[in-house]
Structure formats: structure tokens, C-alpha cells
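Below is one structure, written out as C-alpha cells, with a few remarks after it.
Each ligand, and each atom within it, is numbered from 1 in the order the structure gives.
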Amino acid sequence: MSKVIPCGFQSLLERQFQNEYTHAKFQEIQMEFRGKMNCVVDKVFVEGHACRYDVVEEAIHNGKPYHKIYIVGFNRANMNINCSCLLFEFWGIVCRHLLLLFAQEKVTKAPNKYILSRWSKYMCRKHAYIRASYGSKVKEPHIERYDGLCKRFYEIAEYACESENTTELLHQHLNAYDCTKTCKETSSRKN
Ligand SMILES: [Zn+2]
């Protein structure tokens, strides 16, 4: 928490990940930022809010260069993104092709849905709770309370995410009870 891995690029996006993610995850994201330099936009298709970018990535295999095309989709209205490499779907990491699209579309802040809380450096307390519950048949009272809250949060999130209005409403309610601010403030004081 007290150490900060420096950013490699003059990029607000990279700084956003630096501020949010653990060191290990931020280093993985930095690999994607570096990999972005091997990618170029080949074609762009736009229809209404929907865009499709064909991104060509140059790589070297067995000493020989080769090119691979990735299809990247972006909706300018709801900021949904997807890439045919599926790195985000499988590993929760925003890939180099999406980072290139963000740069082309002048997106300087990744939407919250692509900043996963599971990689957040502010989640240390929650992980401690999860680990503490392994191998223990009798739950300690605070872990039991934690599990009960998680179960309710998941149920409510599943319902709320069905619409943008209910999602926004839930965010507003949660902001009023945001205990994680204390954790973040403590961490930033250490930094
Ligand atoms: Zn990709």
C-alpha cells in the first residue's frame, strides 16, 4: 500500500488503474498498455452509437512477424465495449485493443464496470474475511454477518442491474453508507 508503481505513459487511463488496482494487477494492465503500441486501427465502422474497430496487432512467432485482426465493439451511448480476444471476459483485464479504442474515442476515464472491485487494492479487508472462513466449520460472528451481507448485496445487485435507473438509484443509496471511504482515506494518508 505504501509503495506506488510509476506510470509508464502520459495517460489518465493508466493513472486510473494505478489508483485503483493492486500492484500485481496494475503491472498486468501496464503490459497491455505496452502491447497497445503494436496495434493499429485498420478499419472503423460507425452506425448510430455503435462503432466497430478492426484492430491489427503485430507480433513475432518463431522469429517471424505475423498480424492478427481483432474486432472491437464500442457503444458510445452506454460505453459498453467488447473485444474478440475476450481477455476481459476471461481474466477481467482490459486488453490492449480496448485501450487502443479508448485512445481513438478520446475516452480518458474507463467506465466503472471495467474497473473490477476484485482487483482493487482497497479490498484487502474483504479478502481477509474470505480467507478466514476457509477450513472453519464454526463461523465467527463477524464472518457470519459478512456472509449474510454479501448474499443480500448479490441479490440486490442482480435485480438492480436490470435497468440503468435502478442501478443509479442503488449507487445513490450505497454512497450514503459508503464505509470503504474510510479504508481509502487511511490508504491515501499512508501513501
Ligand atoms: Zn482484445
Side-chain angles (χ1 to χ4, degrees), residues 3-124 126-127 130 153-154 157-158 160-164 167-168 170-171 180 184:
K3 198 176 112 192
V4 178
I5 295 179
C7 289
F9 306 90
Q10 292 293 319
S11 157
L12 290 175
L13 262 179
E14 189 191 15
R15 202 170 298 170
Q16 186 184 3
F17 287 109
Q18 181 198 42
N19 288 336
E20 290 289 336
Y21 276 10
T22 62
H23 292 161
K25 246 346 123 177
F26 178 54
Q27 282 173 325
E28 286 182 39
I29 291 281
Q30 283 191 311
M31 291 263 294
E32 295 307 310
F33 273 95
R34 280 195 289 275
K36 185 179 78 152
M37 296 167 77
N38 296 326
C39 301
V40 291
V41 175
D42 185 37
K43 295 190 189 81
V44 182
F45 305 92
V46 180
E47 194 176 327
H49 293 304
C51 324
R52 182 187 129 176
Y53 278 69
D54 290 0
V55 172
V56 178
E57 180 175 355
E58 186 179 308
I60 293 176
H61 184 65
N62 290 337
K64 291 182 181 168
Y66 75 99
H67 296 89
K68 192 161 179 187
I69 295 179
Y70 294 91
I71 309 300
V72 186
F74 177 59
N75 186 307
R76 289 171 177 163
N78 60 21
M79 305 289 279
N80 280 345
I81 48 175
N82 58 75
C83 178
S84 59
C85 78
L86 297 177
L87 188 73
F88 184 78
E89 284 77 2
F90 283 117
W91 299 105
I93 297 282
V94 173
C95 68
R96 56 198 63 186
H97 320 112
L98 294 177
L99 292 175
L100 181 62
L101 179 140
F102 280 150
Q104 296 289 316
E105 291 284 324
K106 299 185 174 52
V107 175
T108 53
K109 188 174 186 295
N112 283 340
K113 52 192 159 190
Y114 301 108
I115 306 283
L116 299 188
S117 58
R118 77 177 105 138
W119 310 138
S120 169
K121 57 184 162 191
Y122 305 111
M123 296 296 282
C124 48
K126 190 183 250 187
H127 285 158
I130 293 166
F153 286 148
Y154 280 122
E158 276 182 13
C161 73
E162 294 294 322
S163 93
E164 296 211 357
T167 301
E168 182 54 34
L170 182 58
H171 274 302
T180 61
K184 288 190 179 188

Protein N/O/S atoms closer than 2.8 Å to the Zn ion (ligand 1), ordered by chain and number, come to Cys83 SG, Cys85 SG, Cys95 SG, His97 ND1
For Arg34, all residues meeting salt bridge (charged side-chain N to carboxylate O under 4.0 Å, His left out), sequence neighbours excluded:
none
Check whether any side-chain N or O of Gln104 sits under 3.5 Å from a backbone N or O of Val41 as a donor-acceptor pair, and report yes or no.
no
Side chains of Tyr114 and Asn80, heavy atoms from C-beta outward: is any pair under 4.5 Å?
yes
Assign the ring pair His97 / Tyr70 to parallel, tilted or perpendicular, where the plane angle (0 to 90°) is split at 30° and 60°.
parallel
Aromatic contact, Phe74 with Tyr53 (centres under 6.0 Å):
no
Is it the case that the side chain of Ser117 and the backbone of Ser120 share a donor-acceptor pair, with hydrogens and angles ignored and the cut-off at 3.5 Å?
no
